[in-house]
Amino acid sequence: MHTRATSVKAEMASSEHSPKTKSDILVFVRKKRSRKPQVIAENIVKVEPQDQKLGSLPDIEDFAYKKPNIDLPQRKFRPVSNDYNKTEVTQPSNWVKVLEGIREMRSLEDAPVDSMGCEKAGNSLPPKERRFAVLISSLLSSQTKDNVTHGAIQRLLDSNLLKPEAIDNADESTIKKLIYPVGFYTRKASNMKKIAKISLLNYHGDIPNTLEALLSLPGIGPKMAHLVMNVAWNNVQGICVDTHVHRICNRLGWVKQTKTPEQTREGLQKWLPKEEWVLINPLLVGFGQTICTPLRPSCSLCTVSGLCPSAFQEATPTKKSRMKTKLGES
DNA sequence: GTCCGGGTGG
DNA sequence: CCACCAGGAC
């Protein structure tokens, strides 16, 4: 704590801020991110070089950039933290049959499984650079088709802009142009700059190796953090739940009417054997893209519809029924 | 619940 | 032309 406070003071002194009281320092460290773009120096605090051992990752106590409300140290598996605890979920009796059925459907039909596209990112690079590439690739891949993400990564590689040093030195507008047209490219370009700086300041150009520290990076939420833990560190901390996994688990009754992907993750982790945690994502994503689609699920094509409590439940919306809904709402 | 910003398909 | 997609921040 002493070293951290000291380094924070040093950083504040070298910026336009000057440390006054203890709470000033706390506010400085824990400053809440605002929606508007802000100076990176407000969010990033450099760790004293002697706080880190070269060649290894720093301890989590040394992480100076973090979201509010995360208490230190926090190394253990993240405990279930919300009300979802209260609703008991038992292991669905037919889950193995359902899983096998979905596997068969998936083996017949090739889905454009766009998730996990990032695991290929820079697999020819040395480990540290590969991990950084995986992180950036994950950042870019959200709300973006796999081939678009791949193109952006390729352009970054060609311009030698897939390393933290290079990104840190590059203009945000340059990055923005290179990654276009990935979804939300403006914000992602800004987040790339911030992540590169954090990587250089606190991780020797590497990426964080804990879930909590990954979550503290701007633009990295639960879905991507678990993906990066799986792919970059080969360390399964939790299930990577995206909208497909979320939707399908609810339809199958594998979780009890969860409202958010995070609740789905917690519910699913309670009974799904850990060996399945990694593969469940690409499996259900592909299934969700082809058969168990969000809008009109093709229950008639689904071989496990007999085991699905939601099969044929959702009326396939016709133009008329959608008009009706719309009129009713307004 | 809303916004971000494109692409896509009704 | 417009609704919708989809992860993260707020």
Side-chain angles (χ1 to χ4, degrees), chain A residues 30-38 40 42-43 65-70 111-118 135-152 155 172-173 175-195 211-212 214-231 238-250 258-265 281-282 284-286 288-290 292-298 314 316-330:
Chain A
R30 301 199 154 188
K31 180 150 188 163
K32 203 178 173 190
R33 262 179 270 152
S34 84
R35 190 158 207 169
K36 295 185 177 172
Q38 53 181 269
I40 279 183
E42 286 182 26
N43 263 346
Y65 178 94
K66 45 186 95 302
K67 284 177 182 171
N69 304 327
I70 294 181
V113 186
D114 55 58
S115 105
M116 298 272 155
C118 70
L135 178 65
I136 297 301
S137 191
S138 303
L139 180 76
L140 298 185
S141 72
S142 66
Q143 303 94 19
T144 306
K145 291 258 198 290
D146 192 31
N147 58 335
V148 176
T149 307
H150 190 264
R155 287 190 295 278
E172 197 168 306
S173 60
I175 295 170
K176 191 169 154 179
K177 282 173 202 156
L178 282 172
I179 65 177
Y180 179 92
V182 302
F184 311 132
Y185 55 88
T186 307
R187 184 166 298 179
K188 282 175 183 174
S190 153
N191 286 338
M192 273 178 68
K193 291 281 290 179
K194 291 178 185 170
I195 287 176
L211 198 63
E212 287 74 15
L214 283 169
L215 285 170
S216 78
L217 301 175
I220 301 295
K223 195 249 174 188
M224 293 310 172
H226 282 103
L227 186 63
V228 171
M229 283 306 287
N230 291 351
V231 175
I239 298 170
C240 179
V241 174
D242 65 6
T243 181
H244 296 287
V245 177
H246 176 56
R247 176 182 71 253
I248 294 167
C249 286
N250 275 282
T258 53
K259 271 173 56 196
T260 67
E262 269 296 88
Q263 291 173 348
T264 300
R265 183 180 61 74
N281 178 279
L284 294 190
V285 169
Q289 287 169 334
T290 55
C292 200
T293 51
L295 196 47
R296 271 162 290 175
S298 309
E314 298 178 38
T316 58
T318 61
K319 245 182 206 168
K320 236 185 242 176
S321 73
R322 258 187 284 175
M323 287 291 278
K324 217 189 265 179
T325 314
K326 210 177 276 181
L327 288 174
E329 280 166 0
S330 61

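We use all heavy atoms of the structure for the numbers below, so side chains are in, but hydrogens, waters and symmetry mates are not. Below, chain A is the first sequence line, B the second, and so on; all start at residue 1.
- Considering all non-hydrogen atoms of both residues, His244(A) and Leu284(A) come closest at CB-O, 4.0 Å.
- To the nearest angstrom, P of dC10(C) lies 14 Å from CG of Leu215(A).
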**Report entry** Step-by-step side-chain contact (heavy atoms from CB on, under 4.5 Å) determination, Thr293(A) to Leu295(A)
**Finding:** CA-CA 6 Å; Thr293(A) 51; Leu295(A) 196 47; 5.5 Å; no

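- Remark: Pro294(A) engages Arg247(A) in a side chain to side chain contact (heavy atoms under 4.5 Å, CB included) (not counting sequence neighbours).
- Atoms CD1 (Ile220(A)) and C1' (dA6(C)) sit 15 Å apart, rounded to a whole Å.
- dC5(C) atom C1' lies 14 Å from atom CZ of Arg296(A), rounded to whole Å.
- At a cut-off of 3.5 Å, with distance as the only test, no side-chain donor of Ser141(A) or Thr149(A) sits close to an acceptor on the other residue.
- On the P atoms, dC5(C) is 14 Å away from dG1(B), given to the nearest whole Å.
- If you take NZ of Lys194(A) and P of dG8(C), they are 16 Å apart, rounded to a whole angstrom.
- In this structure, the separation between NZ on Lys223(A) and CZ on Arg265(A) is 13.5 Å, given to the nearest 0.5 Å.
- In this structure, NZ of Lys188(A) is placed 12 Å from P of dA9(C), rounded to the nearest angstrom.
- In this structure, His226(A) places its NE2 atom 15 Å from C1' of dG7(C), rounding to the nearest Å.
- When rounded to the nearest whole Å, the span between CZ of Arg247(A) and C1' of dC4(C) equals 13 Å.
- Here the closest non-hydrogen pair linking Leu227(A) and Cys240(A) is CB-SG, 4.0 Å.
- Residues passing the ring pair (Phe, Tyr, Trp, His ring centres under 6.0 Å) test with Phe184(A), sequence neighbours excluded: none.
- The separation of dG5(B) from dC1(C), taken at their P atoms, amounts to 22 Å, rounded to a whole angstrom.
- Contact check, His246(A) against dG7(C): no side-chain N or O comes under 4.0 Å of OP1 or OP2.
- Comparing dG10(B) with dA6(C), their P atoms sit 15 Å apart, to the nearest whole Å.
- The distance between atom CG of Leu295(A) and atom P of dT8(B), rounded to the nearest whole Å, is 18 Å.
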Atom pairs, N/O to N/O, protein against nucleotides 5-7 of chain B, distance under 3.5 Å?
{"from": "dG6(B)", "atom 1": "OP1", "to": "Tyr185(A)", "atom 2": "OH", "distance (Å)": "2.6"}

